[in-house]
Amino acid sequence: MIIKLKKEWKNILFNFVFAILSILIVIFFYKRIFLASILLLIVAIIGLIKWKSKITLAIFIFAGLFGTIAEMIVITYGVWIYSIKNIINVPLWLFILWGNAGAFMYQTAIEFKKIGIKEK
C-alpha cells in the first residue's frame, strides 16, 4: 500500500531533514570550523533554492546576524563559551546555523498554516 502525502507534509518532511542535517553537521564537525561552515552553507543553499523566497533569505540573514551577535554578547558576560571558536568568541558556522534555524522555523510555520493549523 502506497501512502500519498500532501505537498504540505512533504515540505514539512523536507524542513525536518533540513533541520536534522544542520544539527548533525554541527555535532560531527564542530571541531573543524571551516568544514562545518561549508557543509552548513550547502544545506542552507539547498533549502533557499527549494523555498525560492526572498523573505526566507532575509530571515536567514537576520536570524544569522542577530543570533550570532546575541551569542557574542552573552559570551562576553560569561554565560557560556564555545570550546572551538575563530570569530569574536564564536565559530564561523554559528552564523549559518542561526540562519538555518530562522529559515526552518519560518518555512515550517508556513506549511503548518497551509494544513490548517491556525492562530486563535
Side-chain angles (χ1 to χ4, degrees):
M1 178 176 170
I2 297 174
I3 299 172
K4 185 167 170 139
L5 292 175
K6 290 175 77 174
K7 181 182 176 190
E8 293 81 12
W9 284 109
K10 288 179 184 178
N11 290 340
I12 289 171
L13 182 61
F14 172 86
N15 296 353
F16 179 74
V17 170
F18 174 88
I20 295 299
L21 278 175
S22 294
I23 292 167
L24 290 175
I25 287 168
V26 172
I27 290 170
F28 291 120
F29 301 108
Y30 76 94
K31 291 181 181 178
R32 299 176 69 188
I33 293 173
F34 291 109
L35 177 60
S37 300
I38 290 167
L39 293 173
L40 282 172
L41 190 58
I42 290 168
V43 170
I45 290 168
I46 290 168
L48 292 168
I49 288 171
K50 184 205 182 300
W51 295 318
K52 297 178 188 118
S53 166
K54 289 181 183 177
I55 192 164
T56 304
L57 176 60
I59 289 169
F60 172 87
I61 293 167
F62 178 79
L65 288 173
F66 184 77
T68 304
I69 290 168
E71 289 211 33
M72 287 175 177
I73 291 168
V74 298
I75 287 169
T76 301
Y77 287 96
V79 176
W80 64 75
I81 62 169
Y82 283 92
S83 59
I84 310 291
K85 53 198 171 243
N86 66 338
I87 300 173
I88 312 174
N89 296 325
V90 298
L92 174 64
W93 52 256
L94 189 63
F95 166 79
I96 305 164
L97 185 65
W98 269 107
N100 283 358
F104 162 78
M105 290 192 301
Y106 175 72
Q107 284 295 321
T108 302
I110 289 172
E111 296 306 326
F112 282 148
K113 189 172 182 179
K114 286 179 186 175
I115 60 173
I117 300 172
K118 299 181 182 188
E119 295 182 50
K120 286 185 176 184

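By the 4.5 Å heavy-atom criterion applied to side chains, Y82 and E71 are counted as neighbours. Between I87 and M72, some side-chain heavy-atom pair lies under the 4.5 Å cut-off. At least one side-chain heavy atom of I96 sits less than 4.5 Å from a side-chain heavy atom of F60. Using a 4.5 Å heavy-atom threshold, the side chains of I12 and I115 count as touching.
For I73 against Y77, the heavy-atom pair with the smallest separation is O-CD1, 3.2 Å. Between A63 and G102, the closest heavy-atom pair is CB-CA, 3.9 Å.
A donor-acceptor contact shorter than 3.5 Å is absent between the side chain of T56 and the backbone of K52. Judged by distance alone, the side chain of N89 and the main-chain N or O of T76 form no donor-acceptor pair under 3.5 Å.
A distance of 12.5 Å separates NZ of K10 from CD of E111, quoted to the nearest 0.5 Å. Of the inter-residue distances, the one linking K6 atom NZ with K114 atom NZ reads 11.0 Å to the nearest 0.5 angstrom. Of the inter-residue distances, the one linking W9 atom CH2 with F16 atom CZ reads 12.0 Å to the nearest 0.5 angstrom. F112 contributes atom CZ, which lies 8.5 Å from atom CG of N15 (distance to the nearest 0.5 angstrom). Residue I55 holds its CD1 atom at 12.0 Å from CZ of F62, rounded to the nearest 0.5 Å. Atoms CD1 and CG, on I69 and L94 in that order, are 11.0 Å from each other to the nearest 0.5 Å.
Residues I75 and I84 are members of one and the same hydrophobic cluster, defined by side-chain heavy-atom contacts under 4.5 angstrom among Ile, Leu, Val, Met, Phe, Trp and Tyr. By the criterion of side-chain heavy atoms lying less than 4.5 angstrom apart, applied directly or through intervening Ile, Leu, Val, Met, Phe, Trp or Tyr residues, L40 is grouped together with L57 in one hydrophobic cluster. A continuous path of Ile, Leu, Val, Met, Phe, Trp and Tyr side chains, each step under 4.5 Å between heavy atoms, connects W51 with V17, placing both in one hydrophobic cluster. Under the 4.5 Å side-chain heavy-atom criterion for grouping Ile, Leu, Val, Met, Phe, Trp and Tyr, F66 is not connected to L92 through any hydrophobic cluster. I45 and I59 sit in two unconnected hydrophobic clusters of ILVMFWY residues. Membership requires side-chain heavy atoms under 4.5 Å apart, directly or through other members.
Applying the 6.0 Å contact sphere to CD1 of I88 captures no more than 12 heavy atoms from other residues, nucleotides or ligands. Other residues, nucleotides and ligands contribute over 12 non-hydrogen atoms within 6.0 Å of the NZ atom of K85.
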Distance-only criterion, 3.5 Å: show the donor-acceptor pairs between side-chain atoms of residues 19-34 and protein atoms not counting sequence neighbours.
unit_1	atom_1	unit_2	atom_2	d
S22	OG	F18	O	3.0
S22	OG	N100	ND2	3.0

